[in-house]
Amino acid sequence: MDSILICGETPLYGRLRVQGSKNAALPILAATVLVPGISVLHNCPKIEDVRLMCKLLETVGCQVKWENHTVTVDASGVVCGTLPSEYVEKMRSSVIFMGAMLGRVGEVSLKYPGGCVIGKRPIDLHLKAMEQFGVQTRQTEEGIVANAGKMKGAHIIFPISSVGATENTILAAVYAEGTTVLEQAAREPEIQALCAFLRRAGAEIAGDGSGRIRIDGQRTLHGCEYTIPPDRIVTGTYLLGCMAAGGEICLENAPAEELSAVFHVLKRMGAELFICSGEVHCRRTHALKSAGNIMTEVYPGYPTDLQSPMLAVMALAEKNSSMTETIFENRFRIVEELNRMGAGIHIQGKTAFVPGARRLHGARVTAQELRGGAALVIAGLAAEGITAISGRQYIDRGYENIAKDFETLGAKVLYEENSGKDSRQPVTAAAGKENR
Ligand code: EPZ
């Protein structure tokens with residue numbers, strides 16, 4: 001697969017429009033299964049995970065058309081609840097189809113969605129919630145078979161906040177008989193976007209964004225149009241790119257109101273942030289100060305998806321800092337690669353200790369998952385010399401074209417084709433070619 005080549009130490013200047021939110025688009029695409037008609041979704045990001053979701057919709061009988069950033073789904077003919085394992089294995093968030101399929105056709109069978117490098121990613125909370133609707137679940141060697149029969153509304157209290165389990169339960173509750181109340185539900189903006197789409201289609205939902213959500217079931221849903229909100233994690237990633245490389249950028253259509261925990265840290269590190277009418281301006285011209293001790297938390301706390309990208313910036317700060325990961329059990333895998341660039345990060349339990357005052361240097365490094373890959377891009381923007389990042393396919397799952405975006409802001413970025421080179425070889429930009 002292609003590598004991304006970055007020649008570092010070039011400050012960023014310019015403006016970019018933020019893409020649609022991956023983590024809002026995925027559950028909303030699953031929710032279109034509940035609509036016996038045509039759903040038109042605007043501002044869908046052109047990323048691999050959305051492509052896989054569209055494929056899954058077609059396998060259960062939907063007609064899907066994707067033109068530019070608009071995906072049109074006709075779910076009038078949804079027929080079966082069997083999700084092919086090839087897609088479920090590639091994208092664990094396909095488990096989000098469970099609630100929608102049970103609501104629409106009363107059954108679903110899918111392969112156990114695997115874990116990934118950031119953690120085991122169990123789905124026990126999803127299954128327990130389905131069972132509270134009266135759903136029969138059976139685990140087989142291949143995976144899970146669930147039959148709904150007549151789903152009845154339930155009072156579901158989640159032991160911990162889970163974005164996916166909250167989304168799956170909302171989807172199942174839409175057609176359940178009576179009222180469903182969720183307690184300790186996830187509050188992420190993506191939950192609110194999912195509920196906004198469902199209300200637009202005729203569902204009766206209240207309380208999303210708080211920990212207590214009420215769904216009055218069995219409303220008839222109808223086709224509608226909806227615009228996917230901008231991606232808060234992509235926004236944070238690009239702001240961290242500016243913090244790493246220095247310079248001044250403006251992000252258009254940025255969801256500033258969803259990023260206050262991140263802005264708080266960026267300002268502490270010396271960012272000058274200006275927010276006006278949907279734009280976020282970020283300037284970093286002085287030396288980076290320490291971020292202090294950060295802990296990832298559920299929304300509205302500091303997001304786990306910006307943990308790895310922040311580590312890359314912390315390494316450049318003039319003083320030490322630390323990052324404690326409380327959401328996933330194994331989300332520091334990228335530290336090894338950052339340390340090959342000179343980050344000097346030390347892990348102890350759930351905390352990464354970052355000494356700071358480091359000058360990163362280019363190297364051949366490998367992305368193994370989405371946000372760790374983004375962290376390597378950010379480190380490459382600040383590193384001395386050239387950084388070659390393989391595993392670009394992981395990054396493409398969530399970013400439309402991170403290399404081209406940073407190039408638009410002035411970074412020196414190239415692609416290196418079929419880079420099966422070993423990691424000890426020096427990186428030469430001659431191997432690279434213009435961004436596609
Ligand atoms: C969503 O994953 C996001 N993915 C993740 O973004 C994000 O990191 C995560 O929420 C937390 O914000 C999508 O929206 C597609 P969880 P999800 O259920 O729903 C445990 C990215 O980079 N748990 O909130 O899978 C789980 O192991 C991705 O865009 C159970 O124990 O996350 C984790 O420790 C990565 N049992 C914690 O809860 C369950 O049944 C939070 O997971 C479910 C979850």
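Remember, it's 1-based here, ligands and their atoms both numbered in the order they're listed. Just so it is clear, the values below take in all heavy atoms, side chains as well, and ignore hydrogens, waters and symmetry mates. Throughout, residue positions are numbered sequentially from 1 according to the sequence presented.
- Counting heavy atoms from C-beta outward, Phe263 and Leu239 have side chains that approach closer than 4.5 Å.
- Heavy atoms of other residues, nucleotides or ligands lying less than 6.0 angstrom from NE2 of His264 number 12 at most.
- For atom 11 (C) of ligand 1, the closest non-hydrogen atom of the protein is Thr304 CG2, 4.0 Å.
- For atom 18 (O) of ligand 1, the nearest non-hydrogen atom from the set Pro122, Ala24, Ala129, Ser162 belongs to Ser162.
- Using a 4.5 Å heavy-atom cutoff, the side chains of Arg397 and Lys22 are not in contact.
- Side-chain atoms of Val88 and Tyr112, non-hydrogen and from C-beta on, never get closer than 4.5 Å to each other.
- At a cut-off of 3.5 Å, with distance as the only test, no side-chain donor of Tyr87 or Thr59 sits close to an acceptor on the other residue.
- If you check the side chains of Asp405 and Tyr399, you find no donor sitting under 3.5 Å from an acceptor.
- The atoms of ligand 1 that sit less than 4.0 Å from any heavy atom of Arg92 are 25 (O).
- If you look at Glu190 next to ligand 1, there are no close heavy atoms at all, none under 4.0 Å.
- Residue Asp305 approaches ligand 1 through these ligand atoms, each under 4.0 Å from one of its heavy atoms: 5 (C), 6 (O), 7 (C), 8 (O), 21 (C), 22 (O), 28 (C), 29 (O), 35 (C).
- An N or O contact shorter than 3.5 Å links Ile327 to ligand 1 by distance.
- Only side-chain heavy atoms of Arg371 come within less than 4.0 Å of ligand 1; its backbone N, CA, C and O stay farther off.
- Nearest residue to atom 10 (O) of ligand 1 from Ile96, Asn23, Val163 is Val163 (criterion: closest heavy atom).
- Counting heavy atoms of neighbouring residues, nucleotides and ligands inside a 6.0 Å radius, atom CD of Glu86 exceeds 12 of them.
- Per-residue contacts place Ile123 under 4.0 angstrom from the following atoms of ligand 1 (heavy atoms of the residue considered): 39 (C), 40 (O).
- Taking 4.5 Å as the limit, some side-chain heavy atom of Val377 sits within range of a side-chain heavy atom of Phe406.
- Residues Ile123 and Asn168 have side chains not in contact (no heavy-atom distance under 4.5 Å, counting atoms from C-beta outward).
- Only the side chain of Arg331 comes within 4.0 Å of ligand 1, judged by heavy-atom distances.
- Residue Lys22 touches ligand 1 through its side chain alone, judged by heavy-atom distances below 4.0 Å.
- For the pair Glu400 (side chain) and Pro45 (backbone), a donor-acceptor distance under 3.5 Å is absent.
- Nearest approach of Thr387 to Gly380, heavy atoms of both residues: OG1-CA, 3.7 Å.
- Between Ile345 and Phe332 there is no side-chain heavy-atom pair separated by less than 4.5 Å.
- For ligand 1, the polar-atom distance check against Gly164 finds a nitrogen or oxygen pair separated by under 3.5 Å.
- In terms of polar-atom proximity, defined here as any N/O pair under 3.5 Å, Glu188 makes no such contact with ligand 1.
- The closest non-hydrogen atom to atom 9 (C) of ligand 1, taken over Tyr299, Phe158, Phe328, comes from Phe328.
- Counting heavy atoms closer than 4.0 Å to ligand 1, residue Leu125 contributes atoms from both its backbone and its side chain.
- For Asp124, heavy-atom contacts with ligand 1 shorter than 4.0 Å involve the backbone as well as the side chain.
- Distances below 4.0 Å separate heavy atoms of His126 from the following atoms of ligand 1: 40 (O).
- Proximity annotation for atom 25 (O) of ligand 1: of Glu329, Glu167, Met53, Arg121, Arg121 comes nearest, heavy atoms only.
- Looking only at heavy atoms of the protein, atom 20 (C) of ligand 1 is closest to Ile160 CD1, 4.0 Å.
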